[in-house]
Amino acid sequence: MAEKIILTGDRPTGKLHVGHYAGSLKRRVELQNSGEYDKIYIMIADAQALTDNADNPAKVRDNIMEVALDYLSVGIDPAKSNIFIQSYVTELTELTFYYQNLVTVSRLQRNPTVKAEIQMRNFEASIPVGFFNYPISQAADITAFRATTVPVGEDQMPMLEQTKEIVHKFNFVYGDTLVDPQILLPENKACLRLPGTDGKAKMSKSLGNCIYLSESEAEVKKKVMSMFTDPDHIRIEDPGKLEGNTVFTYLDAFCTDGHFAEYLPEYANLDELKAHYMRGGLGDVKVKKFLNHVMQEELAPIRARRAEYESRIDDVYEILREGTKKAQAAAAETLAEVKHAMKIDYFETPEFLAEQRAKYAK
Ligand code: ATP
Ligand code: MG
């Protein structure tokens, strides 16, 4: 049977937050521990981060270790998953260069996620070419490792579509070479795109509306207690709305019936809590206090593991170095196959010379 391979990653533009956790990290750890995958590659996408942070290399450098620590603290196990740094796998840049020829400018312009990101960064008139191109470099990342499965949040859907198009085009033009990957979205709808604490559609480092995985208990509590809810729910007896109510979205994402039994036994489950809120008579503070318990329970073991790895920075550095070496070797194999398919393997096989000899023989 064909190998099952995972590729996924994050940009080192800040510490990782509970949006990453809900959308991708938690799933990665489950998949890792399922034992169903032959190889798992987890990429710290520093080269991609530089596409919109070219003038801030210190930020990218500073966050390499933060992201690595976040990975290890959520339970990514370096014995099972290969953590690596993108910029060191130079084969990815070379693949990107060739894939660029298979994509049109107008196709890139249609990418809805990139469109939204351009707007968010006020790039309209001055989009860096590298940033505009990053969906192509993501196709290189995914295909270099022959990934069959890409577990990510919903915002990555257009990137996967772009990758699949490149795979199909490449295989059509040059012969079957690249593996067609599948996106794996979170099963829980609330996790597809976790909103920010301010109620904005997406929790994102760039928007400053995050709860970070490494934050202290007190910081998390403060953020939960000041989270966006229903602005029309002023008095406790008022009926409340669930739609756009961030506190309830987080409960959808994180809470279980077990949490009710432990912290709020007057309700059997989230449906009962929601019904009371909509009826009126349930205050935001009570719901937020419950959410705080849920979040603290999820984050406490992550925090503890982080503290342990922070005291072993040399080991984490070695994990990154080893992982990067392995990733480089895997990507080099794919690049060799790609170049062979594209007929640019002049020095790798004797065929080129044989062809030339035949052509010029008198
Ligand atoms: P930046 O603002 O620098 O783009 P980001 O917060 O969007 O940072 P990324 O590194 O771009 O984070 O995203 C990494 C992964 O986390 C992707 O798989 C993405 O789908 C997922 N992800 C990021 N934010 C969320 C969110 N709010 N909800 C669900 N998944 C998310
Ligand atoms: Mg992003």
Side-chain angles (χ1 to χ4, degrees), residues 7-25 42-64 66-67 70 86-87 92-93 96 99-100 103-142 150-166 181 183-186 191-212 228 244 246 249:
L7 178 282
T8 173
D10 305 270
R11 295 151 39 94
T13 48
K15 298 179 173 192
L16 298 183
H17 51 64
V18 298
H20 296 117
Y21 186 65
S24 177
L25 293 173
I42 301 188
M43 179 178 79
I44 302 180
D46 62 336
Q48 188 190 118
L50 284 166
T51 66
D52 59 328
N53 289 281
D55 54 355
N56 202 351
K59 172 171 148 188
V60 175
R61 181 184 174 93
D62 285 348
N63 283 299
I64 298 278
E66 295 288 359
V67 172
D70 283 328
Q86 184 188 29
S87 63
L92 301 174
T93 326
T96 303
Y99 294 172
Q100 284 174 4
V103 181
T104 63
V105 171
S106 66
R107 174 64 184 88
L108 282 179
Q109 277 166 336
R110 281 205 306 275
N111 185 311
T113 299
V114 176
K115 265 194 202 164
E117 288 175 338
I118 285 170
Q119 223 172 25
M120 202 168 93
R121 288 165 177 73
N122 292 320
F123 272 165
E124 274 87 355
S126 55
I127 310 164
V129 173
F131 183 78
F132 183 64
N133 240 6
Y134 92 72
I136 302 181
S137 97
Q138 259 182 248
D141 304 333
I142 294 167
V150 185
V152 284
E154 192 187 33
D155 62 316
Q156 294 302 306
M157 230 147 75
M159 311 307 160
L160 255 289
E161 280 162 21
Q162 179 71 80
T163 300
K164 289 170 87 67
E165 280 175 38
I166 290 173
I183 192 168
L184 197 66
L185 293 171
C191 296
L192 284 171
R193 190 179 298 243
L194 199 74
T197 50
D198 56 357
K200 288 215 178 95
K202 181 175 177 282
M203 177 177 288
S204 168
K205 285 170 273 181
S206 311
L207 293 173
N209 56 8
C210 308
I211 295 177
Y212 293 98
F228 182 83
T246 314
T249 311

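When a residue number appears, it is its place in the shown sequence, counting from 1.
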*Show your working on side-chain contact (heavy atoms from CB on, under 4.5 Å) between Glu165 and Arg107 and close with a plain yes or no.*
CA-CA 10 Å; Glu165 280 175 38; Arg107 174 64 184 88; 2.9 Å; yes

*asked:* Just so I know, are the side chains of Thr163 and Pro181 near enough to count as touching, which here means a heavy-atom distance under 4.5 Å?
replied: yes

_Evaluate Val103 against Asn133 for side-chain contact (heavy atoms from CB on, under 4.5 Å), listing each step before the verdict._
CA-CA 10 Å; Val103 181; Asn133 240 6; over 6 Å; no

_Is it true that Gln48 and Gln86 share a donor-acceptor pair across their side chains at a distance under 3.5 Å?_
no

*Would you check if Val150 and Gln156 make a side-chain contact, meaning some heavy-atom pair closer than 4.5 Å?*
no

*Once you round to the nearest 0.5 Å, how far does CD of Gln162 lie from CD1 of Ile166?*
4.5 Å

*asked:* How close do Pro12 and Asn63 get, counting heavy atoms only, and between which atoms?
replied: O-CB, 3.3 Å

*Might you work through the salt bridge (Lys or Arg N to Asp or Glu O under 4.0 Å) test for Arg11 and Asp52, ending with a clear yes or no?*
CA-CA 11 Å; Arg11 295 151 39 94; Asp52 59 328; 3.1 Å; yes

*So how far is it from Ile211 CD1 to Lys15 NZ, rounded to the nearest 0.5 Å?*
14.5 Å

*What heavy-atom pair brings Pro57 and Leu50 nearest, and what distance separates the two atoms?*
CA-CD2, 4.2 Å

*Which heavy atom of Val60 sits nearest a heavy atom of Ala49, and at what distance?*
CG2-CB, 3.9 Å

*Minimum side-chain heavy-atom gap Met159-Val114 below 4.5 Å*: yes

*Who are the salt bridge (Lys or Arg N to Asp or Glu O under 4.0 Å) partners of Lys200, not counting sequence neighbours?*
Asp198

*Quick one: does Ile183's side chain get under 4.5 Å of Val152's, heavy atoms only?*
yes

_Gap between atom CD of Gln138 and atom CG of Leu7 - 0.5 Å precision_ = 9.0 Å

_If you count heavy atoms of other groups shown closer than 6.0 angstrom to CZ of Arg61, is the number above 12?_
no

*Residues Ser24, Thr8; criterion side-chain contact (heavy atoms from CB on, under 4.5 Å); working and verdict*: CA-CA 9 Å; Ser24 177; Thr8 173; 3.8 Å; yes

*asked:* Just verifying a value: how many Å separate Thr246 OG1 and Leu194 CG, rounded to the nearest 0.5 Å?
replied: 9.0 Å

*Separation of Glu154 CD from Arg193 CZ (nearest 0.5 Å)*: 4.5 Å

*Would you indicate whether the side-chain heavy atoms of Thr197 and Cys210 approach each other to under 4.5 Å?*
no

_Which atom of Lys205 lies closest to which atom of Tyr212, heavy atoms considered_ = CA-OH, 4.2 Å

*Is any side-chain heavy atom of Asp70 less than 4.5 Å from a side-chain heavy atom of Tyr21?*
no

*What's the shortest heavy-atom distance between Gly23 and Pro186, and which atoms?*
O-CG, 3.5 Å

*Have Glu117 and Tyr134 got a donor and an acceptor in their side chains that come within less than 3.5 Å?*
yes

*Measuring from Ile64:CD1 to Asp46:CG, what's the distance to the nearest 0.5 Å?*
4.5 Å

_Validation row: Val105, Phe132 side chains within 4.5 angstrom (heavy atoms)_ = yes

*Would you please say whether a donor-acceptor pair under 3.5 Å links the side chains of Thr113 and Asp155?*
no

_Exactly one of His17, Lys202, Met203 should register a side chain to side chain contact (heavy atoms under 4.5 Å, CB included) with Asn209. Which one does?_
Met203

